[in-house]
Amino acid sequence: MTTYILRRLLLVIPTLFGITLLTFLLIRLAPGNAALIKGQTGENGGHAMTAEVREQTIKLYGLDKDPLTAYGDWLVKLAHLDFGQSLVDHRPVLTKIRERIGLSVSLTGSALVLSYLIAVPVGIAAALRRGQRTDRMISFVVFLLYSIPTFVAALVLILLVAGGDYLNLLPMYGANSIDASEMSGPAWAWDRIKHMILPVICLTYGSLASISRYTRVSMLEVLGQDFLRTARAKGLSERRVIFSQALRNALIPIVTVFAMELPALIGGTIIVEEIFTLPGMGQLVFQSIEARDQFVIMGVVTISAFVTLFGYLMADILYVLVDPRIRFE
Amino acid sequence: MNAPVDESYSQRLARRFSRDALALTGFWLIILAFVLAALAPFLANNHAIVRVADGQISFPVLRSLEPIEWRFLINVPLAGLIYALRRPLFRNPQRGGLIVAVVVIVVQIALAFVQPYNDVTNDRTRPATFKLMPLIAWSPLESSPDALVGPSWNHLCGTDSTGRDVAARILHGARTSLAIGFVSQVIALGVGVTFGALAGYYRRWVDMVICRFIEVMECFPSLLLILVIIGLSDSQNNMIVIMAVIGLTGWTGTARLVRGEFLRLGGQSFPQAAQALGAGDLRVILRHLLPNSLGPILVTATFGVASAILLESSLSFLGFGMQAPTPSWGDLISEGRRFIDFAWWLVFFPGVVMLVTIMSYNFVGEGLRDAVDPRLQVK
């Protein structure tokens with residue numbers, strides 16, 4: 001097993017390089033970079049800039065070097081955890097990300113936990129009543145939820161429960177109330193939780209479909225196996241057969257699904273943070289794309305990809321740790 | 001249920017699929033959506049379908065068609081006709097091929113001469129002895145003086161902030177949304193099948209390299225990737241770019257699947273038999289391995305269409321959507337959200353139509369998966 005984990009860890013190295021290379025190519029080859037320079041020299045009717053400023057801009061974007069050197073330089077900087085500076089406010093990218101990553105992680109984490117808590121029991125219920133009305137109802141509802149775009153759900157929720165058109169239960173936007181800095185600890189926490197309810201709901205409901213479907217399939221596979229018949233033949237109650245025999249085996253693959261949900265959730269934070277004006281990574285990257293803030297985009301994209309990669313790695317390792325049947329020599 | 005002994009793979013899939021009521025409903029709803037989208041100019045238009053005036057009969061709706069619509073409306077039935085007549089036509093393959101080639105070439109040349117009429121006459125108000133108007137007597141870009149009016153007999157789904165008929169815009173927007181879902185998945189399928197087949201067939205270092213590439217692609221959240229590409233590129237955000245970007249970021253699932261199927265099938269005896277008979281790699285891949293993994297591929301593609309339509313709507317919301325005269329459903333919803341407090345119909349109707357379409361695709365995908373997966377069969 002140690003060899004397997006070691007080999008899995010070694011495979012991360014080429015992927016890490018691939019991620020940095022793809023990120024770099026994406027930004028470097030985007031036609032917008034060249035156009036930006038062109039636009040600022042006045043060819044597109046923009047303000048003409050002096051040769052000096054133009055040279056500075058080119059240098060700032062690293063466009064004066066050939067791509068290979070530029071990539072190499074960026075990699076070396078990355079290795080020192082130096083993501084460069086924002087072109088908008090000249091603050092280090094890492095500082096900007098550090099300020100915002102906590103909010104996004106707590107959003108994504110809560111959404112993930114919540115969707116597991118809901119989807120796993122729902123998936124099991126569907127599997128146990130396979131083909132019956134409950135199963136069909138569940139699959140209908142989770143697919144209905146999955147088919148609603150996040151921003152539509154957010155709009156409707158805001159309209160209904162926030163802001164006062166119908167109900168005024170929850171705040172419409174922001175991570176905290178304006179007077180949050182004067183609040184005591186528990187009051188502040190409660191204020192934060194109230195602000196997070198709607199965003200977390202919007203992030204959660206979409207993942208219910210995949211996790212519950214996955215649970216259902218995994219459970220069905222286990223239910224069809226011979227050891228359950230043996231367990232029943234031994235005279236175990238149906239309850240024990242399902243909950244202590246079948247469930248344990250069915251849950252193994254589900255433990256690792258969280259990694260597959262990560263990319264969708266990170267994408268979802270962009271929309272959710274934009275709607276609820278939450279100062280997280282998603283909002284940061286969206287603003288940076290609009291401002292063409294190259295190094296911030298590169299930083300956020302790389303870090304998001306690294307986090308996802310780490311998720312996949314965890315899932316793979318978890319899988320062998322949880323399942324005693326998998327043996328590697 | 002007793003399965004007929006001699007049924008083919010596709011017949012078995014069809015039989016299992018049609019047992020699933022939701023999937024079957026979804027399938028017919030998708031067909032309906034495509035038919036309505038194709039016939040949009042005949043269903044929502046301010047040009048009459050038939051008009052009799054001064055003793056002359058005319059078909060004004062034909063004058064409102066763009067050249068691309070002519071091409072579509074003629075070529076699709078033509079393809080269907082050739083397919084339906086394939087047996088009598090190709091009884092003599094050479095003569096059949098010649099006939100088909102001549103017909104197709106003549107039709108395409110004729111279509112190349114079709115010019116847009118730019119006819120702005122409005123038959124709704126123009127007097128006539130007899131006129132048959134389309135079901136929705138408004139064109140999608142036509143503004144009426146009644147802005148932000150709720151649903152009525154005149155405007156079935158209300159009007160938007162500039163007085164355009166929402167029902168007409170939904171119908172015409174169906175083309176954009178359905179096309180984005182379909183074409184982006186064709187692209188994703190092409191890339192995914194190619195990479196998956198190469199990895200699963202040649203194994204060794206090819207597999208190693210492609211698997212790393214797939215893993216790299218899967219680490220990037222696709223919405224983030226798409227936003228960066230579209231946001232940084234200077235091109236006018238046209239439909240082709242959005243389709244291509246959605247397709248090029250969404251192929252990894254298909255690739256993994258095809259690779260897995262090829263690895264599984266490669267160990268069986270039939271591809272080896274084909275190779276022993278002298279079939280080349282390409283022939284084994286295309287004629288033997290690919291048809292046997294078609295079922296699962298179809299499943300991912302169906303789910304892919306649903307997620308592509310969803311993705312496109314998110315892009316519209318974030319302001320990186322299409323800048324075309326005929327908007328997608330996502331664009332309609334994003335436009336309408338500014339008025340959601342009092343003009344609910346602007347979000348509700350396009351939202352429901354999009355929801356039903358996406359759900360249909362998902363149910364079809366789910367039904368296909370149950371039909372394809374042998375492990376899940378009821379014994």
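Numbers restart at 1 for each chain; the letters A, B, ... are given by sequence-line order, proteins then strands. Note: hydrogens, waters and symmetry copies are ignored here, and every other heavy atom, side chains too, is used.
- Ranking A:R8, A:E290, A:R136 against chain B, the residue ahead of the rest is A:R8, based on heavy-atom pairs under 4.5 Å.
- Contact annotation for A:F286: only side-chain heavy atoms (C-beta onward) come within less than 4.5 Å of a heavy atom of chain B.
- Closest approach of A:I289 and B:G231 over heavy atoms only: CG2-CA, 3.7 Å.
- Between B:F220 and A:I19, some side-chain heavy-atom pair lies under the 4.5 Å cut-off.
- Between B:C219 and A:Y312 there is a side-chain heavy-atom pair separated by less than 4.5 Å.
- Considering every non-hydrogen atom in both A:S147 and B:L310, the closest pair reads O-CD2, 3.8 Å.
- The neighbour count for A:Y214 OH, taken as heavy atoms of other residues, nucleotides or ligands under 6.0 Å away, does not exceed 12.
- Note: A:L22 leads A:L22, A:T150, A:V300, A:V307 in heavy-atom pairs under 4.5 Å with chain B.
- Both the backbone and the side chain of A:F140 have a heavy atom closer than 4.5 Å to some heavy atom of chain B.
- In this structure, OG1 on A:T308 lies 11.0 Å from CD on B:E215, to the nearest 0.5 angstrom.
- Two residues are said to be in side-chain contact when any heavy atoms from C-beta on lie closer than 4.5 Å; B:E218 and A:L309 fail this criterion.
- Highest contact tally toward chain A, considering only B:L223, B:L227, B:L318, B:T357, is held by B:L318 [criterion: heavy-atom pairs under 4.5 Å].
- Both the backbone and the side chain of A:V301 have a heavy atom closer than 4.5 Å to some heavy atom of chain B.
- Of the listed residues (B:I309, B:I333, B:V356), the greatest number of heavy-atom pairs within a distance under 4.5 Å of chain A belongs to B:I333.
- Nearest heavy atom pair, residue B:L224 against residue A:S304, reads CD2-OG, 3.8 Å.
- Among the candidates B:M354, B:R337, B:M217, B:E366, the residue making the largest number of heavy-atom pairs closer than 4.5 Å to chain A is B:E366.
- Most heavy-atom pairs under 4.5 Å with chain B: of the set A:L21, A:I275, A:T302, this distinction falls to A:I275.
- B:S313 and A:F151 get closest at one heavy-atom pair: O-CE2, 3.4 Å.
- Contact annotation for A:I297: only side-chain heavy atoms (C-beta onward) come within less than 4.5 Å of a heavy atom of chain B.
- Around CZ of B:F339, the count of heavy atoms belonging to other residues, nucleotides or ligands within 6.0 Å exceeds 12.
- For the set A:L144, A:I148, A:T23, the entry with the most heavy-atom pairs within less than 4.5 Å of chain B is A:L144.
- Scanning all heavy atoms of the two residues, the minimum distance from B:L22 to A:S139 falls at CD1-OG, 4.4 Å.
- Nearest heavy-atom pair across B:L225 and A:L26 is CD1-CD2, 3.6 Å.
- More than 12 heavy-atom neighbours from other residues, nucleotides or ligands sit within 6.0 angstrom of OH on B:Y202.
- Ring geometry, A:F143 versus B:F363: the interplanar angle exceeds 60°, so the pair is classed perpendicular (tilted spans 30 to 60°).
- The candidate from A:I266, A:L11, A:I271, A:L262 with the greatest count of non-hydrogen atom pairs under 4.5 Å with chain B is A:L11.
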